> 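The structure's right below; bear with me while I get my questions together.
Because the structure is a prediction, the values reported are computed rather than measured.
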Amino acid sequence: MTVRRLDFFPQSFSMSLLRFAPSIITILVACCYALEFESLNNIKTQTSPDDQAKAVTALIKRLIPDQAAAFTVVVNSSIGPPNLDTFEIKSHDNKVSITGTTGVAAAWGFHHYLKHYCGCHISWAGNQLNIPSTLPTVKPALKITSPNRFRYYQNVCTVSYSFAWWNWTRWEREIDWMAMNGINLPLAFNAQEAIWQKVYLNMGFTQKDLDTHFGGPAFLAWTRIGNIHGWGGPLTPSWHANQIKLQHQILKRMRDLGMTPVLPAFAGHVPDATIRLFPKANIINGSIWGKFSKDRQYCCTKFLVPSDPLFKRIGKTFIETMMAEFNGTDHVYNADLFNEMNPVSNDLGYLASASRGVYETIISADPKGIWLMQGWLFTSNGFWFKEQIKAHLTAVPLGRLIILDLASDILPVFDRTNSFYGQPFIWCMLHNFGGNHGLYGRLDYVNKAVFASRMFPGSTMVGTGLTPEGIEQNDVMYGFMNDLTWRTQPVNVTAWIDSYAVRRYGKFTQQTQRAWRILKDTIYNSMENTKEHNRNALVMRPSLTIDPDVWYDWKEVAEAWPLMINAATDLGTSLLYRYDLVDIGRQVLQDIAMVTYAEFLTFIHMNKKTLASLCLEKFLDILLDMDTLLATDSHWLLGNWIQSAKALGTSIKEQKWLEYNARNQITIWGPHAEINDYANKQWAGLMKSYYHRRWSLFAFEFEHAHQLWNQTRFNELCLNTIEIPWTYNTSDYTTVPIGDSIKVSHFLFEKYKEDIWSGRDGIVQVFDVSGQRFQRAKRYPPQ
């Protein structure tokens with residue numbers, strides 16, 4: 001039995017329900033989803049309620065060991081609607097009882113209590129857990145049901161840009177974070193190369209065949225989806241052993257908490273040797289990805305056409321081998337055939353047979369299997385027109401394919417494909433590219449779009465998702481998005497941001513409230529539908545053609561900096577306050593650098609080389625000052641990234657290989673800077689030893705240039721004298737912060753405050769370091 005979801009009501013009636021009866025909406029949506037997508041009922045935890053409750057209890061003990069005894073946890077699926085997570089919170093005699101329909105729901109309820117009753121805060125940058133000695137009471141009892149069937153987490157790139165070097169300690173903390181934020185559908189991609197190795201060796205491939213196929217640890221995301229192969233490898237036996245052990249731990253914990261881990265499936269990308277072993281198979285060359293055409297040994301990964309019988313043989317064996325190793329499956333599998341690579345044909349029959357081949361392979365190994373795919377490929381209009389998208393998606397039975405509308409926050413696809421032509425989809429916030437640093441967000445847009453998408457006529461939305469390419473940045477956007485997933489209507493963003501600031505620091509101050517309201521109204525309220533990551537000149541290879549990408553009024557953003565500095569008296573002991581102080585200062589300095597670079601270009605155009613050189617001197621000084629500021633907080637240290645990579649090595653040789661992977665990814669990204677600076681980071685150590693050296697070289701070459709600037713010559717010089725040598729360097733970088741964030745911030749604000757004050761409509765509104773506003777006449781630059 002099938003019905004169309006909410007569009008069987010008049011739209012005006014649907015909107016009335018959204019405004020006045022959110023609980024009714026939740027029930028109606030749940031019922032409609034159940035009728036349409038019965039196959040999704042296969043996605044449910046196999047862990048017993050008692051074991052889930054024990055897992056949540058253990059999570060609470062890890063987080064707040066001294067107060068854990070005051071909480072009791074029960075998992076009871078009958079307290080809420082089928083397939084929608086529900087939690088209930090009660091309190092009695094300074095004890096708190098939390099009941100959830102799943103372990104995730106219970107952990108979510110626990111986090112809800114900490115946030116909304118105890119004023120606590122949990123984030124990637126750290127936690128604020130100042131819990132009252134007498135626990136706040138919950139009367140009457142609180143019960144909340146999520147309107148979303150799923151809360152998905154991860155981009156296939158996140159596993160490389162952020163997770164590449166994680167050990168179990170770091171994974172355990174992340175899985176706890178997932179559970180407390182209601183994530184019930186996380187990607188679980190570790191160790192798949194070890195499984196593939198077993199499969200391929202049993203099929204007659206040699207170890208050498210596989211060594212040239214698997215990429216290095218920092219590049220596995222792109223070898224898994226067939227963009228490249230071999231780069232950064234080969235993988236070592238100890239790497240495989242480590243990942244197998246880690247994946248067992250990850251899957252057990254996710255399952256214990258009631259999550260549904262998404263496992264990998266076969267997407268047709270095969271070793272070159274497949275042609276030798278199976279000469280009759282329908283195998284084609286993949287297309288060039290990025291700029292990897294120069295070195296053919298890494299590009300154009302072979303693609304086994306899914307309609308070929310060998311496709312099902314390989315894919316079925318892989319899933320069965322994986323299930324045997326990792327104690328079964330949870331019936332959801334990710335496979336992306338054409339990620340950023342166009343298919344060989346736009347013929348509708350070919351595209352339908354390709355998706356049908358993947359689906360049939362999955363169910364041949366797991367009859368209950370459901371295919372989950374990223375919808376990123378559909379954001380490009382050069383190939384995927386409506387007819388092609390429809391043919392590709394509808395070849396799979398409705399409900400047996402879930403689409404991640406991967407960048408709904410900037411490039412939604414559901415609204416131009418009739419809600420993916422009937423297939424269920426998850427509304428995702430991508431937000432970050434390459435793991436770059438830089439304050440950015442679309443609070444107002446996300447606040448409305450999530451709910452509007454659920455009410456879209458004919459909507460097949462079954463959940464929300466977080467799909468950043470890199471994490472551990474912009475905590476506020478992810479906290480906001482996670483907060484929306486249990487709500488049925490938009491929030492008051494100003495009230496939410498005020499509450500966020502108090503919870504994050506554990507205390508209210510007028511300065512931080514004003515600072516966060518400024519950020520909310522400016523840099524976290526982008527009206528532009530853009531997918532650009534951080535293109536600040538500081539972290540780009542020097543040239544005369546970098547496009548200043550400052551879409552916000554940076555001087556308004558800068559007003560938050562002295563306000564934050566002034567809050568030090570009240571919040572100086574808060575590590576989260578210090579983190580944000582550095583982050584906001586970093587943002588202001590990068591914006592001043594961008595303005596300085598723009599002035600440099602202006603003076604070049606005016607043929608005023610002396611003034612242009614002075615701009616470059618100031619630019620270089622800002623780079624060093626940023627390094628000094630970033631070095632004061634442990635979260636902003638290059639040494640963390642490199643040391644965590646080396647820690648996985650079991651020999652000096654292996655450590656050097658891992659360090660090279662780590663260094664290459666965040667800088668030139670490839671043997672010849674194929675994706676140069678895409679994964680740029682603003683880390684202490686990197687700013688000084690890499691970005692500053694590049695711009696110093698640029699300044700020297702510019703100063704001594706006696707003819708027209710030759711960018712091609714400089715690019716080669718920079719690549720060969722600085723960039724490539726840096727990736728092979730093994731110099732140590734500290735993992736211990738240096739200096740005091742507050743003192744350094746105060747000093748740097750005083751140094752650069754004139755840049756913030758000048759040039760604002762003749763009269764500028766100015767903050768001194770105490771946070772007091774006054775007016776000052778505009779200061780003109782030298783002529």
> Start with the C-alpha gap between Tyr333 and Met322, add the side-chain angles, then the distance that decides, and say whether side chain to side chain contact (heavy atoms under 4.5 Å, CB included) holds.
CA-CA 11 Å; Tyr333 305 89; Met322 180 171 57; 4.3 Å; yes
> Can you tell me how the ring of Tyr478 sits relative to the ring of His431, calling it parallel under 30°, perpendicular over 60° and tilted otherwise?
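Perpendicular, since the angle between the ring planes exceeds 60°.
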> Please name the pair of heavy atoms, one in Tyr359 and one in Pro397, separated by the smallest distance, quoted to 0.1 Å.
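Taking every non-hydrogen atom into account, CE2-CD, 3.5 Å.
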> For the residue pair His392 and Trp371, categorise the inter-ring angle as parallel (less than 30°), tilted (30 to 60°) or perpendicular (more than 60°).
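If you compare the ring of His392 with that of Trp371, the planes turn out perpendicular.
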> Taking all heavy atoms of Ser160 and all of Ala164, pick out the closest pair and write down the distance.
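So the two residues come closest at O-CB, 3.4 Å.
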> Any donor and acceptor pair, going by atom type alone, linking the side chain of Asn661 with main-chain N or O of Gly232 inside 3.5 Å?
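It does hold such a pair.
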> Minimum heavy-atom separation for Met259 to Ala179, with atom names?
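Closest approach of Met259 to Ala179, heavy atoms only: CE-N, 3.5 Å.
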> List the steps, then state whether side chain to side chain contact (heavy atoms under 4.5 Å, CB included) holds for Gln247 with Ile250.
CA-CA 5 Å; Gln247 181 73 335; Ile250 291 168; 4.1 Å; yes
> Indicate the atoms forming the closest heavy-atom contact of Thr361 with Lys312, along with that distance.
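The pair with the smallest heavy-atom distance is OG1-CA, 3.5 Å.
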> Could you check if a side-chain atom of Lys198 sits within less than 4.5 angstrom of a side-chain atom of Asn202, using non-hydrogen atoms only?
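Side chain of Lys198 against side chain of Asn202, heavy atoms only: contact under 4.5 Å found.
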> In terms of ring plane angle, is the pair Trp376 and Phe433 parallel, tilted or perpendicular, where the classes change at 30° and 60°?
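Trp376 vs Phe433 ring planes: tilted.
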> Between Arg255 and Asp330, is there a side-chain N and carboxylate O pair less than 4.0 Å apart?
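Result for this pair is yes, salt bridge flagged.
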> If we check side chain to side chain contact (heavy atoms under 4.5 Å, CB included) with His213, which of these qualifies: Thr301, Thr274, Asp272, Thr223?
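Exactly one candidate clears the test, Thr301.
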> Out of Phe303, Phe318, Phe311, which one pairs with Phe266 under the ring-ring contact (aromatic ring centres under 6.0 Å, His included) rule?
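One option only clears the test, and that one is Phe311.
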> Do you know the tightest heavy-atom contact between Leu398 and Ser39?
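Looking at all heavy atoms of both residues, the shortest contact is O-OG, 4.4 Å.
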> When rounded to the nearest 0.5 angstrom, what distance separates CG in Asn242 from OG1 in Thr236?
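OG1 of Thr236 is found 9.0 Å from CG of Asn242.
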> Is the Phe414 ring parallel, tilted or perpendicular to the Phe425 ring (thresholds 30°, 60°)?
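The arrangement is parallel - the two ring planes meet at less than 30°.
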> For Ser307 and Tyr350, run side chain to side chain contact (heavy atoms under 4.5 Å, CB included): C-alpha distance rounded to whole Å, both residues' side-chain angles, the deciding distance at 0.1 Å, then the answer.
CA-CA 9 Å; Ser307 59; Tyr350 172 79; over 6 Å; no
> When you check the gap from the basic side-chain N to the acidic O, do Arg276 and Asp209 get nearer than 4.0 Å?
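Counted as a salt bridge, because a side-chain N and a carboxylate O are separated by less than 4.0 Å.
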> How are the rings of Phe338 and Trp384 set relative to one another: parallel (under 30°), tilted (30 to 60°) or perpendicular (over 60°)?
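Aromatic pair Phe338/Trp384 classed tilted.
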> Can you tell me how far CD1 of Ile363 sits from CZ of Arg400, rounded to the nearest 0.5 angstrom?
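If we round to the nearest 0.5 Å, Arg400:CZ and Ile363:CD1 are 6.0 Å apart.
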> Look at Lys646 together with Glu654 and state whether they make a salt bridge at an N to O cut-off of under 4.0 Å.
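Here Lys646 does not pair with Glu654 in a salt bridge, since their nearest N and O are not under 4.0 Å apart.
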> Testing the basics here: between Arg151 and Arg149, what is the closest heavy-atom pair and its distance to 0.1 Å?
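Closest pair (atom of Arg151, atom of Arg149, distance): NH1-O, 3.8 Å.
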> When rounded to the nearest 0.5 angstrom, what distance separates CE in Met481 from SG in Cys428?
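It is 7.5 Å, given to the nearest 0.5 Å.
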> Output, in order, the C-alpha distance, side-chain angles, deciding distance and verdict of side chain to side chain contact (heavy atoms under 4.5 Å, CB included) for Leu220 and Gln192.
CA-CA 10 Å; Leu220 289 177; Gln192 62 177 281; over 6 Å; no
> Return the CG to CG distance between Leu648 and Asn167, rounded to the nearest 0.5 Å.
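Here the rounded value is 7.5 Å.
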> Is it true that Arg170 and Glu472 make a salt bridge, defined as a side-chain N closer than 4.0 Å to a carboxylate O?
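Yes, Arg170 and Glu472 are salt-bridged.
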> Please state whether the rings of Phe420 and Phe378 are parallel, tilted or perpendicular, taking 30° and 60° as the class boundaries.
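The rings of Phe420 and Phe378 sit tilted, inter-plane angle from 30° to 60°.
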> Taking the six-membered ring for Trp, are Phe219 and Trp669 parallel (under 30°), tilted (30 to 60°) or perpendicular (over 60°)?
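Ring orientation, 0 to 90° scale: perpendicular.
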> Is the distance from the ring center of Phe163 to that of Trp171 below 6.0 Å?
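Between Phe163 and Trp171, the centre distance is under 6.0 Å.
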> When the ring planes of Trp231 and Tyr298 are compared, do they come out parallel, tilted or perpendicular, using 30° and 60° as the limits?
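Answer is perpendicular, since the angle exceeds 60°.
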> To the nearest 0.5 Å, tell me how far Thr212 OG1 sits from Leu210 CG.
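Between Thr212 OG1 and Leu210 CG, I get 7.5 Å after rounding to 0.5 Å.
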